[in-house]
Every structure is written in structure tokens, then in C-alpha cells.
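Before any comments, here is the structure.
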Number of protein chains: 2
Amino acid sequence: MPKVGMEPIRRRQLISATMQAIDDVGLADATVARIARQAGVSAGIISHYFGGKDGLLEATMRQILYDLGAAVATRRGRLPEDTPAAHLRAIIDGNFDRSQVSQSVMKTWLAFWASSMHKHDLQRLQRVNDRRLYSNLCSQFRRCLPRAEARRAARGLAAMIDGLWLRGALAPEGLDVDRARRLAYDYLEEQLARADCLA
Amino acid sequence: MPKVGMEPIRRRQLISATMQAIDDVGLADATVARIARQAGVSAGIISHYFGGKDGLLEATMRQILYDLGAAVATRRGRLPEDTPAAHLRAIIDGNFDRSQVSQSVMKTWLAFWASSMHKHDLQRLQRVNDRRLYSNLCSQFRRCLPRAEARRAARGLAAMIDGLWLRGALAPEGLDVDRARRLAYDYLEEQLARADCLA
DNA sequence: TTTTGTTGATTGAACGTTCAATAAAAACAT
DNA sequence: ATGTTTTTATTGAACGTTCAATCAACAAAA
């Protein structure tokens with residue numbers, strides 16, 4: 001079957017299979033054999049394309065982070081109005097699109113959160129994402145709130161988003177996206193109501 | 001060394017050693033050998049007292065849940081006034097005491113969250129805790145809000161607490177307990193301000 | 001002497017990685 | 001077009017390592 005230019009195809013297959021495997025049995029039992037079987041390829045191919053299992057896991061986390069960033073950027077790119085409220089709602093929406101709020105992506109996120117505590121490569125990635133969310137929120141809040149207040153609001157909204165998301169991931173009934181978004185919107189409005197910039 | 005009545009002592013030692021090991025190297029690398037060494041005993045003793053590694057992990061999660069419940073119950077037991085606001089603040093405080101907001105407990109929590117996605121025993125425990133927090137919040141909010149509003153507020157506050165906690169666990173600088181509590185208090189007050197029960 | 005608590009070498013299963021072997025496509029030659 | 005060589009992609013068995021669990025042997029208290 002070998003054709004030229006398989007690399008990007010295989011990489012996508014394997015990253016997708018990794019998320020599926022984590023969804024099925026968890027990171028601890030997501031063995032290279034299982035992931036390879038899920039992708040319909042041999043186990044050896046993982047080391048060939050990713051240098052090893054760790055490389056595949058890092059690439060998978062990178063993909064998720066990229067998708068999240070793209071989801072936010074897309075919505076911020078086509079805003080009807082350039083108000084802080086509009087930007088902040090777009091950020092919220094992007095975080096709750098998350099390329100899809102699928103069970104497999106949520107489980108993979110959670111697994112990587114736990115794992116990033118002790119793997120420095122993952123920790124770095126996770127940290128970049130955290131700071132991006134916080135500073136995006138902060139710079140928008142700053143357009144209508146003093147610095148200290150903007151920081152407070154950004155921290156609160158970031159916590160609200162992550163908390164809703166975490167509880168959605170853990171809940172057997174899954175995440176109710178509309179309800180979660182409404183709660184985040186409500187919090188946002190209460191923060192903006194402190195200033196007079198309810199756009 | 002063998003004396004009678006070692007069981008409770010060994011159990012406490014091993015549960016504590018488990019948290020320490022997870023703090024040191026993560027759940028994935030917290031082997032029975034490492035945990036036993038941390039506790040200063042032989043590896044075999046784990047199977048003897050806990051039936052195996054899984055038993056020890058479940059017991060460790062049970063301990064953390066128990067400590068959390070106790071922290072909340074204690075504060076609710078000595079309230080100056082029997083108002084919803086006072087109860088809700090006690091619940092917040094209890095969640096941010098968490099017996100201690102130590103790095104080892106937070107890392108262990110996060111590891112168990114991820115793990116509970118695929119181990120039914122842990123999932124059951126985690127779910128009990130989740131529902132306890134939610135229904136505690138809900139029943140207090142119900143004292144001054146209509147049912148639907150109370151549920152909404154409970155969901156929001158629960159998400160805020162867990163979100164603050166999660167971000168604190170992930171942040172390299174650790175959790176700023178006072179700041180987190182203040183954000184949760186603020187949210188609480190905004191919810192109560194919707195009714196007229198700002199006690 | 002019996003009971004209780006503990007050890008640590010051993011066992012077997014499972015894992016990630018490696019690499020010689022292989023197969024198909026691509027490139028080249030005729 | 002057709003045959004040949006080279007390149008690229010892939011396999012999967014073998015290897016070495018690591019782990020949890022076991023259990024016969026042992027030690028100290030009762």
C-alpha cells in the first residue's frame with residue numbers, strides 16, 4: 001500500500017486514534033498496541049512517525065490546543081461589533097465549541113491535565129494555553145475596567161469556564177453546552193455591569 | 001517490630017505515602033514499590049492490608065473525600081447565624097480548606113478525577129462527592145430563590161469552586177486561597193442579590 | 001507455643017521499542 | 001508500453017524492562 005506523502009495522513013490517523021483510545025480505556029490503558037489497532041496500523045509505526053509514545057501524546061495535546069485556539073480565533077474573526085462584550089462572548093463560545101465538545105476530547109483534556117503535572121513537555125503546552133485564555137480575557141476586560149478589576153474578572157471568568165467544563169467532563173450525563181454557556185454569559189454580564197460597558 | 005493493632009497505623013501510613021508518591025512522580029509512576037518505600041515498609045504489605053494496589057488507591061480517594069466532608073461539616077457546625085449566606089460561605093471555606101490545600105492533595109485529586117473516568121469504583125466515589133456539593137448548595141439557595149434559580153446558582157457556584165480549584169492545582173505558582181475564596185464569595189453575593197436574602 | 005505482622009525474592013504478564021524483512025509505489029531504463 | 005531498480009512505507013516477532021501480586025520464611029509479641 002505504501003504511497004508517498006503518507007506522513008500527514010498517518011499522523012492524523014494516529015492522533016485521532018489516541019483520543020479514541022483514551023476515551024475508551026483511559027490514558028493509563030491506552031497502549032501503543034491498542035492505539036495502533038484503533039488506527040488500523042502496526043505498533044511500530046508510532047515510533048516511526050512520532051519517535052515513540054511520548055511524542056504521540058504530545059502531538060495529540062498539541063492538536064487539541066490548536067483546535068481550541070482555532071475555534072476561538074474563528075469566532076473572534078467574524079464579530080458583528082468590536083466591543084469587549086462581543087469578544088468575551090466569542091472566547092466563551094470558542095471554549096465551549098472546542099472543535100466539538102465530544103466525550104473523547106474532554107476525557108483527553110482531563111487526562112493531559114493530570115499528566116502535565118509531571119511531564120514537563122506537556123506542562124509547557126498546558127501553561128501556554130492557560131495563559132492565552134487568561135490574557136485574552138484580561139485584555140478585553142481592560143477596555144472597560146481598571147487593571148485590578150480586569151484581572152479579577154478575567155480570573156473569575158476563566159475559572160467559571162474551566163469549572164463548567166470540568167464538571168461537564170466528569171458528569172455521566174455529559175456537558176450541557178447551552179446551559180454552561182448561559183452561566184458563563186451571566187457571569188460575564190455581571191462583571192461588565194460593574195463598569196458601564198454593557199455593549 | 002510486629003505489635004498488635006498495626007492495621008490502622010499501617011493504613012494511614014500507606015494512604016499518606018500514596019499521596020506523597022503521587023505528588024512526587026504522578027499516579028502513573030506511583031508503583032507499589034515506591035509507595036511502600038515512602039511508607040518505610042515492604043511492598044507485600046499493601047496487598048495484605050488493601051488487597052492490592054487498586055484497593056489502596058480507592059482507600060486514598062475515600063480518605064480525601066472524607067477529609068473534605070469533615071472540613072465542610074465542621075465549619076457548618078459552628079455558624080454564628082443560620083442564614084443561607086452563612087451556610088454557603090461555610091461550604092466555600094470548607095472546599096478551600098480541603099483539610100489542607102497542599103500540592104499533594106490537589107495533585108491526587110486531579111489524578112483521581114482523570115482515573116475515575118474509567119474505574120467504576122472511583123467514579124462512584126467521585127460522583128457522590130459531586131452530588132453532595134451540588135445538593136448542599138442547592139438546598140441553601142432554595143431558601144431564598146425559586147427552584148430553577150436555585151439550581152442555576154448552585155451549578156454556577158459549584159463550577160466556580162471547582163474551576164478556581166483546578167486552575168490553582170495546575171498553576172505553577174499554586175492556589176492563592178484568599179483570592180480564590182474572594183472570587184467565590186463575590187459570585188455568591190451576586191447570586192443572592194437577585195433575591196433579597198443578603199443576610 | 002501460638003498468633004500477628006512483615007519481608008523480599010520470585011513469577012508471569014504486559015509494555016514500549018527495535019529492526020530485519022517485506023511489499024508496493026515511484027523512478028528509471030529500455 | 002514493459003521490465004528493472006530504487007525509494008518509501010509498513011510489518012510484527014523478538015527483546016529487555018517493569019510492574020503487581022504471591023507466598024514461603026521469618027520475627028516479635030502475646
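Below, all heavy atoms of this structure are taken into account, side chains as well, without hydrogens, waters or symmetry copies. Each chain gets a letter, A, B and so on, in the order the sequences are listed, and its residues count up from 1. Worth saying up front: this structure is predicted, and the values here are computed from it rather than measured.
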Quiz item: Heavy atoms under 4.0 Å, any strand shown: does G55(A) hit a base, just sugar-phosphate, or nothing?
Solution: nothing

Exercise. Run through V177(B), L175(B), D176(B) and flag the one making a side-chain contact (heavy atoms from CB on, under 4.5 Å) with R179(B).
Key: D176(B)

Quiz prompt | Within residues 15-32 of chain A or reaching into it, pairs that qualify as salt bridge (charged side-chain N to carboxylate O under 4.0 Å, His left out) - sequence neighbours excluded | solution = D23(A)-K107(A)

Quiz item: How many Å lie between CG on D29(A) and C1' on dA13(C), as a whole number?
Solution: 14 Å

Exercise. Work out how much the helix from dT1(C)-dA30(D) to dC28(C)-dG3(D) bends between its end axes, five pairs an end, to the nearest 10 degrees.
Key: 0°

Quiz item: Are L192(B) and C144(B) side-chain neighbours, meaning at least one heavy-atom pair lies under 4.5 Å?
Solution: yes

Exercise. Using heavy atoms to find the nearest nucleotide of DNA chain C for A30(A) and E7(B) separately, return the residue whose nucleotide is more 5′.
Key: E7(B)

Self-check item: Contacting residues from residues 109-123 of chain A, given that a heavy atom lies under 4.0 angstrom of DNA chain D
Solution: none

Quiz item: Among pairs that include at least one residue of residues 63-75 of chain A, which meet salt bridge (charged side-chain N to carboxylate O under 4.0 Å, His left out), considering only residues two or more places apart or in two chains?
Solution: R75(A)-D97(A)

Quiz item: Is it true that the side chains of D186(B) and Y187(A) contain a donor and an acceptor less than 3.5 Å apart?
Solution: no

Quiz item: Regarding Q63(A) and R12(A), is there a side-chain donor-to-acceptor distance under 3.5 Å anywhere?
Solution: no

Quiz item: Quick one: does S102(B)'s side chain have a donor or acceptor within less than 3.5 Å of a partner on V105(B)'s backbone?
Solution: yes

Exercise. Take the protein atom CD of E58(A) and the nucleotide atom P of dG16(C), then report the distance between them rounded to whole Å.
Key: 17 Å

Self-check item: Check: H118(B) side chain, I22(A) main-chain N or O, donor-acceptor pair, under 3.5 Å
Solution: yes

Quiz item: Could you give the OH-to-C1' distance, from Y49(A) to dT17(C), as a whole number of Å?
Solution: 17 Å

Quiz item: How long is the line joining CD1 of I9(B) and P of dT6(C), in whole Å?
Solution: 9 Å

Practice problem: Return the value, rounded to whole Å, for the distance between atom CD1 of I45(A) and atom P of dA23(C). | Solution: 16 Å

Practice problem: Only pairs at least two apart or in different chains count here, so list each salt bridge (charged side-chain N to carboxylate O under 4.0 Å, His left out) that has a residue in residues 126-141 of chain B. | Solution: R167(A)-D130(B), E173(A)-R127(B)

Quiz item: Out of curiosity, does V72(A) fall in the hydrophobic cluster containing V101(A) (side-chain heavy atoms, cut-off under 4.5 Å, transitive links)?
Solution: yes

Self-check item: Integer-rounded Å distance: dG16(C) C1' and H48(A) NE2
Solution: 17 Å

Quiz item: Of all the nucleotides listed (dG16(C), dA9(D), dT11(D)), which has the minimum atom distance to the side chain of S42(A)?
Solution: dT11(D)

Quiz item: Expressed in angstrom and rounded to an integer, what is the separation of L56(B) atom CG from dC19(D) atom P?
Solution: 16 Å

Do any N or O atoms of the protein come closer than 3.5 Å to N or O atoms of nucleotides 21-24 of chain D, and which pairs are they?
| from | atom 1 | to | atom 2 | distance (Å) |
| --- | --- | --- | --- | --- |
| dA21(D) | OP2 | K53(B) | N | 2.9 |

Exercise. Ignoring backbone atoms, establish whether R34(B) has a side-chain N or O less than 4.0 Å from OP1 or OP2 of dC19(D).
Key: no

Quiz item: Among the nucleotides dA30(D), dT11(D), dT10(D), which one has an atom lying closest to any side-chain atom of V41(A)?
Solution: dT11(D)

Quiz item: Under 4.5 Å between any side-chain heavy atoms of R11(B) and F50(B), yes or no?
Solution: yes

Quiz prompt | Flag side-chain contact, heavy atom, 4.5 Å: F141(A) against R151(A) | solution = no

Practice problem: Specify the separation, in whole Å, of atom CZ of R37(B) and atom C1' of dA20(D). | Solution: 15 Å

